Engineer: 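Once you've had a glance at the structure underneath, I'll fire off some questions.
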2 protein chains.
Amino acid sequence: MSLHIAPERTRPAVPGATVQRLPSYLHVLAELRDRGITTISSADLAVGSGVTSAKLRKDLSYLGSFGRRGVGYDVDYLHSVIAAWLGVQQEISVVIVGVGNLGHALASYPGFFQRGFRVVGLVDTDPQLIGRLVSTGDGSAVVEPLDRLADIARHCQIGIIATPDAAAQAVCDRLIAAGVREILSFASRVLVVPDSVQVRHIDLAAELSVLASRPRRTTAVSA
Amino acid sequence: MSLHIAPERTRPAVPGATVQRLPSYLHVLAELRDRGITTISSADLAVGSGVTSAKLRKDLSYLGSFGRRGVGYDVDYLHSVIAAWLGVQQEISVVIVGVGNLGHALASYPGFFQRGFRVVGLVDTDPQLIGRLVSTGDGSAVVEPLDRLADIARHCQIGIIATPDAAAQAVCDRLIAAGVREILSFASRVLVVPDSVQVRHIDLAAELSVLASRPRRTTAVSA
DNA sequence: TAGATTGTTAATCGATTAACAATC
DNA sequence: TAGATTGTTAATCGATTAACAATC
């Protein structure tokens, strides 16, 4: 029996678990680059990233093959490949709704700016806050009232919901109406969205609950 | 209402994915209880929690069997079961290291207090901050200097690292030296810890990256 | 009873791991 | 070449889903 071989090989889609690890590889590669290291093996890069070398190589294999057998990976090149894949080279505009403590923290979070995310809008309903300057990764932004949300969101790829739980769904609906298709929510309530919209949800208290209720192994490497 | 308690039976360990969803069920159940709803089916509870009913029932089955066929679950009872399993009934002490924007936000995060977590310590190195009162879920706490960390951490079950990346590993080491075995980190660098310590890691920028690199829907062509 | 819903099983899907042929 | 390390395969592990017998 002869097998029918396709002329060009289709790679499987990159798994979600892999995508979630790519930024951490990127981060380690950037550090290596800053320290003048030009080549790195999967074993060493894996230790720095807190994964196994097998997992690292498997992850990279979804994007292509970028290493040299017997040698390792070129730090600069691999960095550029992952950065390109993640779209870091193009800046991504973000609007934050809810400028309480959490919203402030997110607005000025250095990691956002470093990885190409630009906080271009801040929205809140509190009259005390509206009009005030809040520092962001690359400067500052003025807090705008809720009725400006649609205008602002129209230019943003990602919306972050950092409001109290009670307001979260209404804000979510407005973001979607304005064309936002990617939402990061810190509300503890579940958001109802159409299939075309992608929501990621960070429940900080759930993270503590998992820690508190589980005598289980760590996700980080051991010494 | 008296419930028949089955004789103790060896159940498989509760999967991590399940544990992570339990707080969300708890949250929905608390809302139902507040609205006076006493009974709920897995189908309805699942909709409120953003999961399928099969997944919900499977999740609950790891803890035991608490429903009535043909009827559903008693809201109060199921709430108490999950709360007990998560250990929410006992208060859990938390120390936050790093009282910048993020640390402030975490200290006053209402969800922590609601689910039984008590921020009993705040630590920072900034002389401007030390001695200042920061509001927490149940009142306020004074920011203490780094050399008080060991004393404070000794009474805490969980440590939260909200410092700049550069300080994260050193703070982590100090927490572990003080006996903390569960750590939630917001640093982008990977923390090196012994096997006995459990670390959860929230990389906010990675969350945005996953969102931004989204369009891996049904576009892939199979051979 | 007749209808509803649970708890569990078995099948499927997806991610991780170990091992090693390919090859620099 | 001899040693090192990748990229990939196949096995394993864990989580999700669909289906339905049990039973309220």
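Values below: all heavy atoms of this structure, side chains included; hydrogens, waters and symmetry mates excluded. Computed from a prediction, not measured in an experiment: that's the story for all the values here.
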Engineer: Answer whether the closest heavy-atom distance between the side chains of B/I176 and B/P194 falls below 4.5 Å.
Structural biologist: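 The answer is yes, as the side chains (C-beta and beyond) meet within the 4.5 Å cut-off.
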Engineer: Near DNA chain D, under 4.0 Å by heavy atom, which residues of residues 28-45 of chain A?
Structural biologist: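 Hits under 4.0 Å, by residue number: A/S41, A/S42.
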Engineer: Side chains of B/L208 and A/I92: closer than 4.5 Å at any heavy-atom pair?
Structural biologist: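 The answer is no; the side chains never approach within 4.5 Å.
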Engineer: Reading DNA chain D 5' to 3', what string of ( ), [ ], | and . shows its pairs, if Watson-Crick and G-U wobble pairs count only when both distances fall under 3.5 Å?
Structural biologist: ..||||||||||||||||||||||
Engineer: Flag the pair B/D165 and B/R189 as a salt bridge only when some basic side-chain nitrogen lies within less than 4.0 angstrom of an acidic carboxylate oxygen.
Structural biologist: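 Here B/D165 does not pair with B/R189 in a salt bridge, since their nearest N and O are not under 4.0 Å apart.
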Engineer: Have A/S188 and A/D203 got a donor and an acceptor in their side chains that come within less than 3.5 Å?
Structural biologist: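 There is no such pair between these side chains.
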Engineer: Expressed as a whole number of angstroms, how long is the span from B/Y62:OH to C/dT6:P?
Structural biologist: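 Rounded to the whole Å, the gap is 17 Å.
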Engineer: In whole angstroms, how far is the C1' atom of C/dG3 from the CZ atom of B/R68?
Structural biologist: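 Nearest whole value for this atom pair: 17 Å.
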Engineer: Contact class for B/R57 (heavy atom, under 4.0 Å): base, sugar-phosphate, or nothing?
Structural biologist: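 Contact class for B/R57: base.
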Engineer: So, is A/K58 close to the D/dT8 phosphate, meaning a side-chain N or O under 4.0 Å from OP1 or OP2?
Structural biologist: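 Answer is no, no contact under 4.0 Å.
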Engineer: Which distance, rounded to the nearest 0.5 Å, do you find between the OG1 of B/T163 and the CD1 of B/I161?
Structural biologist: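 Spacing of OG1 (B/T163) from CD1 (B/I161) equals 6.0 Å.
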Engineer: Can you tell me if B/Y73 touches the phosphate of C/dG7, counting only side-chain N or O atoms and a distance under 4.0 Å to OP1 or OP2?
Structural biologist: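 Yes, B/Y73 has a side-chain N/O under 4.0 Å of OP1/OP2 on C/dG7.
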Engineer: Quick one: A/K55 NZ to D/dG7 C1', roughly how many Å, whole number?
Structural biologist: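 Answer to the nearest Å: 18 Å.
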Engineer: Find out whether A/K55 and A/R21 are in side-chain contact, i.e. whether some heavy atom of one side chain is under 4.5 Å from a heavy atom of the other.
Structural biologist: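 The answer is yes, as the side chains (C-beta and beyond) meet within the 4.5 Å cut-off.
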Engineer: So does A/R33 pair up with A/D74, basic N to acidic O under 4.0 Å?
Structural biologist: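 No, this pair does not count.
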Engineer: Would you indicate whether the side-chain heavy atoms of B/V28 and B/L45 approach each other to under 4.5 Å?
Structural biologist: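 Of all side-chain heavy-atom pairs linking B/V28 with B/L45, at least one is under 4.5 Å.
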Engineer: A/D74 has an atom CG; how far is it from atom C1' of D/dT6, in whole Å?
Structural biologist: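 For the pair A/D74 CG and D/dT6 C1', the rounded distance is 15 Å.
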Engineer: Using atom types as modelled and distance alone, determine if a side-chain donor or acceptor of B/S49 lies under 3.5 Å from a backbone N or O of B/V51.
Structural biologist: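 Between the backbone of B/V51 and the side chain of B/S49 there is no qualifying donor-acceptor contact (under 3.5 Å).
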Engineer: Can you identify which nucleotide, out of C/dA15, C/dT6, D/dT6, has its nearest atom closest to the A/P15 side chain?
Structural biologist: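 Closest nucleotide to the A/P15 side chain: C/dA15.
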Engineer: May I have the distance from B/L60 (atom CG) to C/dT8 (atom C1'), rounded to whole angstrom?
Structural biologist: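 Spelled out: CG on B/L60 to C1' on C/dT8 is 13 Å.
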Engineer: Is it true that B/E182 and B/R200 have a side-chain N and a carboxylate O under 4.0 angstrom from each other?
Structural biologist: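 Result for this pair is no, no salt bridge flagged.
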Engineer: If you pin A/V71 and A/A17 to their nearest nucleotides in DNA chain C, which one's is more 5'?
Structural biologist: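 The residue whose closest nucleotide sits nearer the 5' end is A/A17.
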Engineer: Roughly, in whole Å, what's the span from CG in A/D59 to C1' in C/dT17?
Structural biologist: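 Nearest whole value for this atom pair: 12 Å.
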Engineer: What's the closest nucleotide to the A/R69 side chain, out of C/dT23, D/dC20, C/dT16?
Structural biologist: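 Minimum distance to the A/R69 side chain belongs to C/dT23.
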Engineer: Between D/dC24, D/dT16, C/dT17, which one does the side chain of A/T52 approach most closely?
Structural biologist: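 Taking heavy atoms from C-beta onward, the closest nucleotide is C/dT17.
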Engineer: Starting at CG of A/L56 and ending at C1' of C/dA18, how long is that distance when rounded to a whole Å?
Structural biologist: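 From A/L56 CG to C/dA18 C1': 15 Å.
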Engineer: Strictly below 4.0 Å: does B/R21 bring a side-chain N or O up to OP1 or OP2 of D/dT16?
Structural biologist: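 For D/dT16, OP1/OP2 do have a side-chain N/O of B/R21 under 4.0 Å.
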